[in-house]
Student: 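Sharing a structure here in structure tokens format.
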Amino acid sequence: MVCWQLDNGAIFQLNWSNSVARNCRVSRVDIIRAEWDSDRPNNGILSCRNGGGADEGFVFEDVRTDTPVTHIFRLSPLGDKDQLIKNFLFKDWDVWVDVSKGKKNYIMGVKNKTPLSGLVFENFRVNGKILTENNMHEILKWSILNCKKIDFR
């Protein structure tokens, strides 16, 4: 799949309200242009904004950007509804991020509700460097709340 992302919305948008998706695989994605330049809540490569559903057992593999994006993740469901985001594998990514724009990457479970859990980053490269637990904050700006079990391989 080849994506040219316009100014609004994420490349991959999870759950906009009460949907359930399990055991999905997305692979061989080239993002040749991402035009967003703001920190709107639904921008990024992968976003989830509204709660009330379940997303479990996803694999996102072989994702590349040709030009830098401002941020990758905006997993931050709103509201007081539970939102299950569990067991996601991000494998063989090679993305470029313009960190000078100062945008954060959000990985946040619903406050005082369901935590995000089981996120795995395997051979995940950002600006040519493998992302690890030790360098994740150096490479990207992160806001991580109500999240359990993040693994780096």
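Note: hydrogens, waters and symmetry copies are ignored here, and every other heavy atom, side chains too, is used.
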Student: Less than 3.5 Å apart, any donor N or O on the side chain of Asp98 or Ser100 sitting next to an acceptor on the other?
Tutor: yes

Student: Would you name the heavy atoms of Ile130 and Ile139 that are closest together and state the gap between them?
Tutor: O-CD1, 4.1 Å

Student: What's the spacing between Ile45 CD1 and Gln5 CD if we round to 0.5 Å?
Tutor: 9.5 Å

Student: May I ask whether Leu140 and Trp96 are part of the same hydrophobic cluster, defined by side-chain heavy atoms of I, L, V, M, F, W, Y residues being less than 4.5 angstrom apart, directly or through others?
Tutor: no

Student: Could you give the distance from CG (Leu14) to CG (Leu84), rounded to the nearest 0.5 Å?
Tutor: 11.0 Å

Student: Might you point out which heavy atoms bring Gln13 and Ser47 nearest each other, and give the distance in Å?
Tutor: NE2-O, 3.4 Å

Student: Look up atom SG in Cys24 and atom CG in Asp55, then write down how far apart they are to the nearest 0.5 Å.
Tutor: 8.0 Å

Student: Linking I/L/V/M/F/W/Y whenever their side-chain heavy atoms sit closer than 4.5 Å, directly or via other members, would Val95 and Met1 fall into one cluster?
Tutor: yes

Student: Counting only N and O atoms by type, is there a donor-acceptor contact under 3.5 Å from the side chain of His71 to the main-chain atoms of Asn43?
Tutor: yes

Student: Do Ser76 and Arg74 have a side chain donor and acceptor closer than 3.5 Å?
Tutor: yes

Student: Using a strict 4.0 Å threshold on nitrogen-to-oxygen distance, state whether Glu138 and Lys129 make a salt bridge.
Tutor: yes

Student: May I ask you to test the Asp30-Cys3 pair for a side-chain heavy-atom distance under 4.5 Å?
Tutor: no

Student: Please go through Val59's hydrophobic cluster and name the other residues, only I, L, V, M, F, W, Y counting, with side-chain heavy atoms under 4.5 Å joining them.
Tutor: Leu89, Val120

Student: Distance check, rounded to the nearest 0.5 Å: Lys141 atom NZ versus Thr70 atom OG1?
Tutor: 12.0 Å

Student: Mind checking whether Phe152 and Phe58 sit in one hydrophobic cluster, side chains of I, L, V, M, F, W, Y counted as touching below 4.5 Å?
Tutor: yes

Student: Quick one: do Ile144 and Met136 satisfy side chain to side chain contact (heavy atoms under 4.5 Å, CB included)? Show the steps, please.
Tutor: CA-CA 11 Å; Ile144 300 173; Met136 64 186 277; 3.2 Å; yes

Student: Check whether the ring centres of Phe12 and Phe90 lie less than 6.0 Å apart, and answer yes or no.
Tutor: no

Student: Just checking, any donor-acceptor pair under 3.5 angstrom between side chains of Trp4 and Glu35?
Tutor: yes

Student: Does a side-chain N-to-carboxylate-O contact under 4.0 Å join Arg64 and Asp62?
Tutor: yes

Student: Less than 4.5 Å apart, side chain to side chain, heavy atoms only: is that true for Cys147 and Leu119?
Tutor: yes

Student: Provide the closest heavy-atom pair for Pro77 versus Met108 in the form atom of the first, atom of the second, distance.
Tutor: CD-O, 3.2 Å

Student: So which heavy atom on Val69 is nearest to which on Ala34, and how close?
Tutor: CG1-CB, 3.6 Å

Student: Report yes if the side chains of Ile11 and Leu46 come closer than 4.5 Å at any heavy-atom pair, otherwise no.
Tutor: no

Student: Do Leu75 and Leu116 come within less than 4.5 Å of each other through their side chains, counting heavy atoms only?
Tutor: yes

Student: For residues Pro68 and Val97, determine if any side-chain heavy atom of one lies less than 4.5 Å from a side-chain heavy atom of the other.
Tutor: no

Student: Would you mind telling me which of Arg25, Arg28, Lys91 makes a side-chain hydrogen bond (donor to acceptor under 3.5 Å, both in side chains) with Glu61?
Tutor: Arg25

Student: Under 30°, 30 to 60°, or over 60°: which ring-plane class applies to Phe121 and Trp142, parallel, tilted or perpendicular?
Tutor: perpendicular

Student: Please walk me through it: do Thr65 and Trp93 pass side chain to side chain contact (heavy atoms under 4.5 Å, CB included)?
Tutor: CA-CA 9 Å; Thr65 61; Trp93 283 46; over 6 Å; no

Student: Between the side chains of Arg125 and Asp94, is the shortest nitrogen-to-carboxylate-oxygen separation below 4.0 Å, so that they form an ion pair?
Tutor: no

Student: Can you name the closest pair of heavy atoms from Asn105 and Ile72 and give their distance?
Tutor: OD1-N, 2.7 Å

Student: Within this structure, what is the NZ-OG distance for the pair Lys104 and Ser143, rounded to the nearest 0.5 Å?
Tutor: 5.0 Å

